[in-house]
Amino acid sequence: MNGRRIMIVEDEALVAMMVEDLLTDLGCEVSGSFGAVGEALAYLDDDKPSLDGAVLDINIGGEMVFPVAEALRAKGVPFVFATGYGALPRKGFEDVTVLAKPINFGHLRDAVHGFGHAA
Amino acid sequence: MLDMAEHDLSDGEGDSALLTLVETIEELSATRTIDEVAAVVRSSARRISGADGVAFVLRDDDCCWYLDEDAIGPLWKGKRFPLTACISGWAMLNRQTVVIPDIYQDDRIPHDAYRPTFVKSLVMTPVRTRDPIAALGAYWAKEHTPPPEIVAKLQVMARATAAALESGRLQASLNKELERRTFLMRELDHRVKNTLASVQSIASQTLRTATSPQAFNESFESRLLALSQAHELLTKQAWGKAQLREILAAALRPFGGLEDGRFVVEGPPIEITPEAAVAVHMTLHELIVNAAKYGALSVPAGKVFVAWRVEDAAGSHPTFALEWRERGGPPVTAPGPKDEGFGSRLIRRGLSRDLGGAAVLDFLPEGLVFTFRAPLSQRLAAA
């Protein structure tokens, strides 16, 4: 898992910082951490070195994260959702893993493991 | 001997009872909302039936919801039960009026739910027989068989209630109420989970740099309290936008509050969305705790100057600029990169995460200076 580059989209500062710590503990590199859908999309638009995966909060300050999910899917980058909502409709993304909040470290680790296989 | 269950229909009493029924029907036809229907039903049904208690039960998907009641003792107001587990549900599902002279002899009654109540006999009649959406219950404190005329009156009331509920505006109000409830429940669930995730974050990050269990405890507790205060402020404003000055006041309260001479605060009204407000509160909390431990607030002569403004230069987007400047404290030394704890990390990043923009922490020898600049936005607006 070393050096795997992961992007985070999460609007709550405290939660974002914790996910960054957890990913760093797993030996990953946090390539970007964004609190707004627009910022994340702008990042993906630029031709950056390849991403290995992403952790996406679903509700980003009132905006749904699905445009970012679409962009990642188009680039072939695997991702998981993290959410405090129980059962949020996510048309087109029903097969994507959803991590419940508060985040379970083991589940996050399994998810990141899963990113490796996709590449 | 007064028998509460007896209803003596002398001519005079019969006429006045009829009048009450007519008045009730008229009142029902004038209602506009579910609450108004419940109020009319509650006050009239008891009078008309002479029962010891009445309840107005709404059907909510596969649950029965005891919306309102008027009784000599508590029943189930506000509670919900599966339709299959209560007699109101039975009446609604089977579209029939039920008369039960002794509830403990009837299997359709959930006896455990009734034992704490005064109820010994009841009548339950569905509202709208075609497709019942509610039920009217009348309860008595002794076993008896309610006379047919009482049952008939309750059924008439139920029909009038159905007609009232049927009216378009009431239906809309009902749907809106149920929708709102579902929305609120989901929002609550979401906020609680996010709050728990915040607590998880605070705990794990405080743990990383705590030098002892005692130190962890102190730090963790202080931050937990700050989080709780942030939420309290938001609850006061019904989770609407919060004023920057109020957030600052709440964060400063444990250290003397805005009125304390050590704080000099000025700036125009600024509104912040709830989620960002929590981050702002937590960041201010870290700044204050840091000032109290190592900075200007650790000595009596020290002062903290907090000032903010909106910069509206021609040609550029309006920018919010805030400065936290400490003076008169002990000489400041910048912490090494390895020493940066959760506190400074949150101070540097917490605000920019939620509001955009950038934060700078300057350890000037005469006092710490924290500056934050961000474009005005939907989350951060001039009030």
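Numbers restart at 1 for each chain; the letters A, B, ... are given by sequence-line order, proteins then strands.
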Exercise. Going through the distances and angles, do B:Arg345 and A:Asp21 end up as a side-chain contact (heavy atoms from CB on, under 4.5 Å)?
Worked result: CA-CA 12 Å; B:Arg345 205 172 155 204; A:Asp21 282 347; 2.9 Å; yes
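Shown here is B:Tyr294, whose OH atom has no more than 12 heavy atoms of other residues, nucleotides or ligands within 6.0 Å. Applying the 6.0 Å contact sphere to CD of B:Glu311 captures more than 12 heavy atoms from other residues, nucleotides or ligands. The environment of B:His231 atom NE2 is dense: over 12 non-hydrogen atoms of other residues, nucleotides or ligands sit within 6.0 angstrom. Enclosure of atom CD in A:Glu94 by more than 12 non-hydrogen atoms of other residues, nucleotides or ligands within 6.0 angstrom is indicated.
For the pair A:Asp25 and B:Arg208, the salt-bridge criterion is met [side-chain N within less than 4.0 Å of a carboxylate O].
Contact annotation for B:Ser198: both backbone and side-chain heavy atoms come within less than 4.5 Å of a heavy atom of chain A. Contacts between B:Leu346 and chain A at a heavy-atom distance below 4.5 Å involve backbone atoms as well as side-chain atoms. Contacts between B:Arg191 and chain A at a heavy-atom distance below 4.5 Å are absent for every atom of the residue.
With chain B as the partner, the residue from A:Met17, A:Glu12, A:Glu10, A:Glu39 showing the most heavy-atom pairs under 4.5 Å is A:Met17.
If you take NZ on B:Lys193 and CD1 on A:Ile103, they are separated by 12.5 Å, rounding to the nearest 0.5 Å.
Counting heavy atoms from C-beta on, the side chains of A:Ser33 and B:Arg349 come closer than 4.5 Å. For the pair A:Lys101/B:Asn194, a side-chain contact is recorded, criterion being any heavy-atom separation below 4.5 Å from C-beta on.
Shortest non-hydrogen contact noted between B:Gln205 and A:Met18 is NE2-N, 3.8 Å. Here the shortest heavy-atom pairing between A:Pro102 and B:Ala197 reads CG-N, 4.0 Å.
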